[in-house]
Amino acid sequence: MSSGAGKVVCVTGASGYIASWIVKFLLLRGYTVKATVRDTSDPKKTNHLIGLDGAKERLHLYEANLLEEGSFNSVVQGCHAVFHTASPFYHNVKDPQAELLDPALKGTLNVLKSCVNLPTLERVVLTSSVAAVANNGKPLTPYVVVDETWFSDPDLCREAKRWYTLSKTLAEDAAWKFVKENNIDMVTINPAMVIGPLLQPVLNTSAASILNIINGAETFPNASYGWVNVKDVANAHILAYENASANGRYCLVERVAHYSEIVKVLPDLYPTLQLPEKCADDKPYVPIYQVSKEKAKSLGIEYTPLEVSLKETVDSLKEKKFTNF
């Protein structure tokens, strides 16, 4: 596992859900990790990172602000890879521009600007999202296969007020333009809804989607999502750097499932769990669709089955006292 010995890499937004696992796996592989967080004096952002295996010897924490141009310059010095994962993800937004769009778009460009003419840099791995892939007006039905050639349409996202989707779409689009102009090798990872165990002490948006169902909700949402395990996503980021032939975008989806299927799977795992039996509306269920797995398989990704991911998520939510059933 020590393929990273002697290599120095940067992970932005390191305290986040996906990023924490990237840091953990990088340290296990022998990398030296320069990790950025918004506030190095906040134990909620740092304690779970400082406690990781190998952190004492090879983890260095830095403060950096996505919106401050140049704040990543010193951090990326000497790095062979930059994993840019920092980008806010939540739904209840009052000011989309300030809360989601600026941090995603300006933040991505600020990090990339710091990577220009960096002599040691081999590749940037950007955390994007299926949100930046699948929202292009084509109907998502069981016969449709979404793949890496799809790009979400910003105008449609704006009209539908899908601010998170818009933030990821604009950020990824701007990143591709920037790296082409500045000759930076970049690969993007586009995961669907990410679940699985939490390393960080605070609840993240995608794990909350499962917590809401098991914490006494009366209905489940009429929605179908792709689902993928956080460990598979973290692993994909590292493989996207380590595989010289990796290129372009990688959609990560183990399975697309409607919430009605999620509430069917959980009682097999937790027979005492009180789960909602009704859908939130009377409309037909939002159909499931397919997402191509071929490109991700070429990276060497072996997906954790949805049932296992759900169990890991619930166990982790219990362990961290977010739920007490």
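Keep in mind the model is a prediction, meaning the values are calculated, not measured.
Taking the six-membered ring where the residue is Trp, the centroids of W227 and Y259 are separated by under 6.0 Å.
For the 3.5 Å distance criterion, the side chains of E148 and N190 fail to qualify, holding no donor opposite an acceptor. A donor-acceptor contact under 3.5 angstrom links the side chains of Q200 and N204, judged on distance only.
Salt bridge status for K297 with E302: absent, with no side-chain N to carboxylate O gap under 4.0 Å. Salt bridge present: D185 and R123 bring a charged side-chain N and a carboxylate O closer than 4.0 Å.
By the ring pair (Phe, Tyr, Trp, His ring centres under 6.0 Å) test, Y285 is found to be paired with H258, residues two or more places apart in sequence or in another chain being considered. With sequence neighbours excluded, the residues that form a side chain to side chain contact (heavy atoms under 4.5 Å, CB included) with R158 are P154, D155, W163, L166, L170. For the side chain to side chain contact (heavy atoms under 4.5 Å, CB included) test, residues two or more places apart in sequence or in another chain that qualify with K283 are N222, D281. The side chain to side chain contact (heavy atoms under 4.5 Å, CB included) check on T127 picks up I18, T85, H237, with sequence neighbours excluded. Residues satisfying the side chain to side chain contact (heavy atoms under 4.5 Å, CB included) criterion with E69, sequence neighbours excluded, are N110, K113.
Annotation: side chain of L49 is in contact with side chain of L61 (closest heavy-atom distance under 4.5 Å).
The hydrophobic cluster containing V308, built from Ile/Leu/Val/Met/Phe/Trp/Tyr side-chain heavy atoms closer than 4.5 Å, comprises no other residue.
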